[in-house]
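Structure first, then comments.
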Amino acid sequence: MNSNDDSAIAAGLDPTRLPYHVAIIMDGNGRWAKKRMLNRVRGHEKGAEAVRIAVRTSRELGIAALTLYAFSTENWQRPKTEINALMTLLKRFLKSEKKEMLEHNIRLNAIGEIERLPGSVREILQEIMQVTKNNSGLLLNLALSYGGRSEIVRMVQQLSESAAAGKIRPESIDEETVSAHLYTRDIPDPDLLIRTGGEMRISNFLLWQIAYAELHITNTLWPDFNRAEYVKILKDYQGRDRRFGKV
Ligand code: FPP
């Protein structure tokens with residue numbers, strides 16, 4: 001038994017039945033700030049602390065992959081000041097967590113239109129992805145300038161180009177081919193999708209990949225998300241009967 005198993009058992013979880021891949025829509029930073037008459041950016045700052053907690057908890061419990069919806073393609077339509085603040089926060093997070101990722105065997109990955117991010121964010125992102133690429137512990141997958149539909153459009157373009165060039169036959173395209181042309185090609189689909197902030201929607205997140213994910217929506221605003229709630233959600237997940245459409 002390893003130390004992850006010990007942590008999971010101590011938290012009241014069955015280490016053999018943890019979700020392999022957890023995905024989170026981190027919503028509610030703005031409302032958290034508004035409730036306190038603070039600027040929205042303060043909500044994002046507090047949200048970045050909740051990100052640290054979610055990463056640490058995932059790693060300690062032995063979750064293999066954690067995908068966080070940190071910035072959507074739609075988020076580019078927010079005011080410039082808010083976008084800049086989010087990019088600054090992201091940079092700060094990456095710089096401050098680099099040591100933690102190296103020490104704890106975390107592998108960083110990013111999905112989305114990374115080329116649209118400011119150069120300084122891309123640089124630090126690529127540097128950490130490079131130095132952590134051989135790590136075998138938690139895969140921390142950040143969705144940045146990510147949109148599920150645009151990911152699907154990109155996949156269709158790639159496959160149709162290959163077909164037009166005679167490299168693949170259209171009739172040979174199956175679900176595996178599609179999965180292999182998404183940003184998440186190396187990662188099994190999420191088993192559990194958590195959304196904070198109480199909204200009952202998917203917001204263009206991992207549209208193809210969540211086909212059989214268990215959904216958990218909590219009213220907790222993202223900056224208030226903590227280890228105790230994460231463990232509670234995992235316990236709820238372990239009580240579910242996953243049938244994948246079968247009886
Ligand atoms: C949604 O809150 C959250 C975001 C748009 C971005 C998530 C960003 C963070 C958690 C902080 C930085 C990220 C990292 C990885 C360090 P909202 O503003 O839509 O909240 P609202 O629905 O209450 O307005």
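Read the numbers this way: they start at 1 and go in the same order the structure lists the ligands and their atoms.
Under a cutoff of 6.0 Å and an axis angle of 45°, R78 and W76 do not form a cation-pi pair.
Checked by distance only, ligand 1 and G47 stay at 3.5 Å or farther apart across all their nitrogen or oxygen atoms. Backbone and side-chain nitrogen or oxygen atoms of R31 are examined, and one is located within less than 3.5 angstrom of a nitrogen or oxygen of ligand 1. Considering both main-chain and side-chain atoms, N29 comes within under 3.5 Å of ligand 1 through a nitrogen or oxygen pair. Any N or O atom pair closer than 3.5 Å counts here, and E82 shares no such pair with ligand 1. Considering backbone and side-chain atoms together, L86 places no N or O closer than 3.5 Å to any N or O of ligand 1. Residue-to-ligand polar distances keep Y69 apart from ligand 1: every N/O pair is separated by 3.5 Å or more.
Looking only at protein heavy atoms, the nearest one to atom 7 (C) of ligand 1 is A70 O, 3.5 Å. With respect to atom 20 (O) of ligand 1, the closest heavy atom belonging to the protein is G30 N, 3.0 Å. Nearest protein heavy-atom contact of atom 3 (C) of ligand 1 is M26 O, 3.1 Å. At the shortest separation from atom 11 (C) of ligand 1 among protein heavy atoms lies H44 O, 3.5 Å. Annotation: atom 18 (O) of ligand 1 to nearest protein heavy atom, R40 NH2, 2.7 Å. In terms of protein heavy-atom proximity, atom 17 (P) of ligand 1 is closest to D27 OD1, 3.6 Å. Shortest contact from atom 14 (C) of ligand 1 to any protein heavy atom: V51 CG2, 4.1 Å.
Contact annotation: N75 has at least one heavy atom less than 4.0 Å from an atom of ligand 1.
Looking at R78 against ligand 1, only its side chain comes within 4.0 Å, counting heavy atoms.
Proximity of the aromatic rings of F225 and Y230 is defined here by a centroid distance below 6.0 angstrom, and this criterion is met.
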